[in-house]
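Before any comments, here is the structure.
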Amino acid sequence: MKKFLSLVLAAVLTAGTAFAGEGMWLLNKLKQVNEAEMRALGFKLTAEDIYSLNKASIKDAVARLGGGFCSGEVVSADGLMLTNHHCGYDAIQSLSTVENDILTNGFWAMTRDQEKPAGFSVSFLQYITDVTDTVLSVLNDGMSEEEREAAIGQVGDALEKKADDGSGHIDANFKVMFAGNQFYLFVYKTYPDVRLVGTPPNAIGKFGGDTDNWQWPRHTGDFSMFRIYTGPDGEPAEYAPENIPFKPRWHFPVSLDGVKKGDFSMIMGFPGSTDRFLNSDGVKLALEVEQPSRVKIRGEKLDILKKHMDADNAVRLKYAAKDAQIANYWKYFIGQQKGLKRQHVYDRKKAQEADLMAWINADAARKQKYGNVLNDLAEGYAQRAKYEKASTYMQEAAFGSEAVMFGFRLYGLKRQMEKDPKDQAKLAALSDMVRHSAREFWKDYDPATDQELTASMFRMIHKDVDAAQQPDVIQTVVKKYKGDFDKWAATLFKTSILTDSTRLMAFLAKPSLKVLQKDMGMQAMESSLNLYRGVLGPAIGEAQTKIDRGYRLLEAAMMEKDPGKQWYPDANSTERLTYGIVNDYKPADAVHYDFLTTEEGILQKEDPTSDEFIVPARQKELLLAKDFGRYADASGHLPINFISENDITGGNSGSPVINGNGELIGIAFDGNWEAMSGDISYEPELQRTISVDIRYVLWVIDKFAGAKHLVDEMTLVKRPVPVPAPITLPETVPAKTGKKK
Ligand code: ARG
């Protein structure tokens, strides 16, 4: 064990990376950058087994959900896919009704014809190409930032086009990395027919609710199951009854062996975005303006939603997914602010910047190239700061009103009627689009809830935002309604075509520009949009150009200063791999958190008076009976969740957690409270990934849900337990007398 550790240490020191799981690595660079260290940590396969252009490899079983809202993994030769419950949440909620509430009760397809269309697609990576040289060849130092961006955009478009084979299933993504210092092309194949196979009840899938969200120790069965389908020819196809299960090139074997402290673990998936290079000015702006605004607005929204959801079961179902989404990042931003302060991230960034400046100033050529980088950033942020609050309030509050957001869907139609009311074909097409989005909108809409929300959101804008940066509609409320936002909203909701389906359908049957112009919902939307597009957007855009340029130079300078360090680009919804070990941590002085939770914790947390901690009767019975079969760990307990030193963020949810043999050991679903600043600054001692142990997933499917046929469809592996070497006691130890005390 000691020898193993020093080997790892040696690898770490020579590679010069901060180990402890940090890094979201590019799959096409694993061989050069990571393979040796991974093997030293316990990885038994090779980089080629993970990402290969010549043979089936692990990447072929890692799915991007939609455009990257989550990740998933294929676990059978017939296209069975696992992801998180919170990733399937939208689909599960959409498929639920008050009469057949699968969100609350769970659902398992006992036969394939019971599997239900999920409403999202999945994509698999085909290949990655480093196109940095191609892009750099069209750039030069004389270009302005705008010229530069335009040139990059052009090359990117051309590369994406070239990668498209015309089948309609290829999704080529040109991606800018390291703030414009490197460029990659990611090519995916997209499968639109995905069906829900099963989900545990909400009480298991979201056990612990918002109280436990972003927190360890955790006991959540955060998984759901889908199946990918193809056309009869095996190629991607839209949903059709004759479609057949997807035949992956490779699927994950599922390990029954579980995890021990120190075990190698790696995660592949689609992290959405990180800000690891954020400078001190950026940290300050986030801390002082953006995050408190988001937390405040979201807190208000959540209170209103809760009131209406608690009062009416139909409203609860309609708003379940929206509420979860708002709550998730409400708590995230609270934690991030705390983490940034507790970890002194601002001061640490300041110190790093001072170091960097000293290095820059020590050389004339460097000074010429990078000398202004921090000033540029400071200037850009100072400019952006003037508009940041208003802009955040427009996004979160004004467009947080669902009616206002829906009004935006009618904007195209309105513009067309103003520009060219004679073009009947175009008007009809735009009306059809509105009709289509209206159907989706109304399915999960409750006007009474949104009326209170809308009044409150605009009241907050009036109270909190600088008067010169408020949308005009606020003045209308002040003058015409004596500042009574409830009254204003009541009139709006009584009259607007946006808030009542009969009025909307009547309007669409005979669209009239006058109706749109007079509509109070449309007026609220347009005044917010005009402020954003006319004033805030351009001002922030100008500041952002400076900031973007600043980061391009900052990241280039940092990499030039430290060429021996292995650098990884910020997350940007491209496929990445992170590796490390299963490990516990110390969240605070004198406190130790173990790496694994068991069923005992579920029973300890049970609280029938809180809807977040209900344990379904059947689950409780099975847990108390300790009927865990082959899913128990060595101590006879049922493992629930575990933590590991892996570097993930939003978008990684649902990612496979993989052992050294390439087998599935868990599904990643969260980060931990003490390291919520992690997206900005990785904290090696504290940062952990929280995953649901695959043995709990299998137990729920098999024993709780009685859907063993799905477990049987997977490839389970159990490796022989290594025989421990016999222990021989040194001669000097006296033999036990067996005397009882
Ligand atoms: N924090 C998790 C993530 O962002 C989502 C967890 C969902 N659970 C919940 N109680 N809201 O990936």
Side-chain angles (χ1 to χ4, degrees), residues 24 64-66 68-73 82-93 103-104 199-224 267 269-274 294-295 298-299 301-302 305-306 309 316 319-336 338-339 571 573 576 578 597 601-602 605 607 610-615 640-641 643-644 646-657 666-680 687-692 696:
M24 299 177 175
R64 182 183 77 182
L65 272 53
F69 69 86
C70 275
S71 310
E73 52 276 0
L82 284 167
T83 183
N84 289 148
H85 180 258
H86 79 262
C87 295
Y89 209 77
D90 243 320
I92 296 163
Q93 177 258 317
L103 182 65
T104 304
T199 171
N202 203 48
I204 289 178
K206 203 183 169 182
F207 183 73
D210 291 325
T211 303
D212 273 9
N213 191 16
W214 299 112
Q215 239 143 344
W216 181 256
R218 194 68 159 275
H219 301 83
T220 309
D222 197 344
F223 77 96
S224 56
I267 296 175
F270 295 84
S273 106
T274 52
R294 287 195 197 275
V295 170
R298 283 174 181 240
K301 283 185 195 171
L302 290 171
L305 291 192
K306 180 158 175 37
M309 289 168 77
R316 176 185 60 80
Y319 281 81
K322 297 180 208 176
D323 176 74
Q325 215 177 3
I326 296 168
N328 192 32
Y329 276 82
W330 161 75
K331 194 166 173 187
Y332 169 92
F333 284 118
I334 293 174
Q336 197 181 53
K338 284 198 172 150
S573 293
R576 304 292 179 91
T578 158
T597 59
I602 296 180
K605 282 180 179 174
D607 177 1
S610 154
D611 58 2
E612 294 183 319
F613 293 97
I614 289 168
V615 180
I640 307 295
N641 294 161
I643 48 174
S644 55
N646 288 114
D647 191 359
I648 67 162
T649 189
N652 263 123
S653 285
S655 293
V657 190
I667 308 172
F669 72 95
D670 212 353
N672 60 325
W673 192 245
E674 299 77 15
M676 293 295 285
S677 49
D679 283 346
I680 291 174
Q687 194 148 333
R688 297 292 180 268
T689 288
I690 304 176
S691 303
V692 49
Y696 184 43

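All ligand and atom numbering here is 1-based and tracks the order in the structure. As the structure is a computational prediction, the values presented were derived from the model and not from experiment.
The protein heavy-atom contact nearest to atom 4 (O) of ligand 1 is Asn328 ND2, 2.9 Å. Ranking the protein heavy atoms by distance from atom 11 (N) of ligand 1 puts Asn213 ND2, 3.4 Å first. The protein atom (non-hydrogen) at minimum distance from atom 10 (N) of ligand 1 is Gly209 O, 3.0 Å.
Aromatic ring orientation, Trp214 versus Tyr332: tilted (interplanar angle from 30° to 60°). Ring geometry for Tyr89 versus His85: interplanar angle over 60°, hence perpendicular rather than tilted (30 to 60°).
With ligand atoms numbered from 1 in the order given, ligand 1 contributes 1 (N), 2 (C), 3 (C) to contacts under 4.0 Å with heavy atoms of Asp670. With ligand atoms numbered from 1 in the order given, ligand 1 contributes 9 (C), 10 (N), 11 (N) to contacts under 4.0 Å with heavy atoms of Lys206. For ligand 1, the atoms sitting less than 4.0 Å from at least one non-hydrogen atom of Trp214 are 1 (N), 3 (C), 4 (O), numbered in the order shown with element in parentheses. Here is the list of ligand 1 atoms found below 4.0 Å of a heavy atom in Phe669: 2 (C), 3 (C), 12 (O).
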Evaluation steps, side-chain contact (heavy atoms from CB on, under 4.5 Å), between Ile667 and Glu73
CA-CA 9 Å; Ile667 308 172; Glu73 52 276 0; 3.5 Å; yes
Please determine whether side chain to side chain donor-acceptor pair (under 3.5 Å) holds for the pair Ser644 and Asn646, giving the CA-CA distance in whole Å, both sets of side-chain angles, and the decisive distance to 0.1 Å.
CA-CA 6 Å; Ser644 55; Asn646 288 114; 2.6 Å; yes
For Gln336 and Ile680: C-alpha separation, side-chain torsions, deciding distance, then whether side-chain contact (heavy atoms from CB on, under 4.5 Å) applies.
CA-CA 9 Å; Gln336 197 181 53; Ile680 291 174; 3.7 Å; yes
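Taking any N or O of Ser653, backbone or side chain, at least one lies under 3.5 Å from an N or O belonging to ligand 1. For ligand 1, none of its N or O atoms has an N or O atom of Arg218 under 3.5 Å away.
The main-chain N or O of Lys306 is never found under 3.5 Å from a side-chain atom of Asp323 such that the two would form a donor-acceptor pair.
Neither the backbone nor the side chain of Ala324 has a heavy atom within less than 4.0 Å of ligand 1.
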